[in-house]
Amino acid sequence: FGFRFKNTGKSDLVIAQVNSSCGCTVPGFPKTPIKPGEENVISVMFDSAGRKGVQNKTITVVTNCQPSNTVLRIKAMVIVP
């Protein structure tokens, strides 16, 4: 799934890096600047293999904005058949 966002600022939005709290969560993000008014997506893949129950994961987005760090959160319930 993904986190859709829009640059509501007056200058280009640059995402420097995106880090996840766990190797089971792999983020993808635009590598080029997002112009004012443009929309884009930070995609996230969560691998539930070997996990069960409630999972809370965080993704930290580092940008040229103030504040420079934004934390995205994922909460999932993994049910083992």
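Heavy-atom basis, side chains included; hydrogens, waters and symmetry copies ignored.
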Within the 4.5 Å heavy-atom criterion, are [X] and [Y] side-chain neighbours or not?
X: Q17; Y: I15; result: no
X: I42; Y: F5; result: yes
X: V61; Y: F29; result: no

*Inspect the contact between R4 and E39 and indicate whether a charged nitrogen and a carboxylate oxygen are less than 4.0 angstrom apart.*
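Counted as a salt bridge, because a side-chain N and a carboxylate O are separated by less than 4.0 Å.
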
_Keeping N64 on the side-chain end and S68 on the backbone end, is there a donor-acceptor pair under 3.5 Å?_
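No, N64 side chain to S68 backbone: no donor-acceptor pair under 3.5 Å.
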
*asked:* Looking at S20 and T25, would you say the former's side chain and the latter's main chain have a donor-acceptor pair under 3.5 Å?
replied: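 Yes; at least one donor-acceptor contact below 3.5 Å.
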
Of all the heavy-atom pairs spanning [X] and [Y], show the shortest one and how long it is.
X: R73; Y: T58; result: NH1-CG2, 3.2 Å
X: P30; Y: V41; result: CD-O, 3.6 Å
X: L13; Y: C65; result: CD1-SG, 3.3 Å
X: Q55; Y: F46; result: CG-CZ, 3.9 Å

To the nearest 0.5 Å, what is the distance between [atom1] ([X]) and [atom2] ([Y])?
X: T70; Y: F3; atom1: OG1; atom2: CZ; value: 11.5 Å
X: I34; Y: K6; atom1: CD1; atom2: NZ; value: 13.5 Å
X: I59; Y: I74; atom1: CD1; atom2: CD1; value: 3.5 Å

*Which residue pairs pass the salt bridge (charged side-chain N to carboxylate O under 4.0 Å, His left out) test when at least one of the two sits in residues 57-70, sequence neighbours left out?*
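Qualifying pairs: none.
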
_Other ILVMFWY residues reachable from M77 by side-chain steps of under 4.5 Å_ =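 Listed partners: V54, I79.
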
*Any chain of hydrophobic side-chain contacts (each under 4.5 Å) joining V71 to V44?*
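As far as the 4.5 Å side-chain criterion goes, V44 and V71 are not connected within one cluster.
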
*Can you establish whether the number of heavy atoms outside K31 located under 6.0 Å from its atom NZ is more than 12?*
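Yes, because the 6.0 Å sphere around NZ of K31 holds more than 12 heavy atoms from other groups.
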
*asked:* Test of understanding: with side-chain hydrogen bond (donor to acceptor under 3.5 Å, both in side chains), list the residues that count as partners of D47, not counting sequence neighbours.
replied: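 side-chain hydrogen bond (donor to acceptor under 3.5 Å, both in side chains) check on D47 returns nothing, list empty.
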
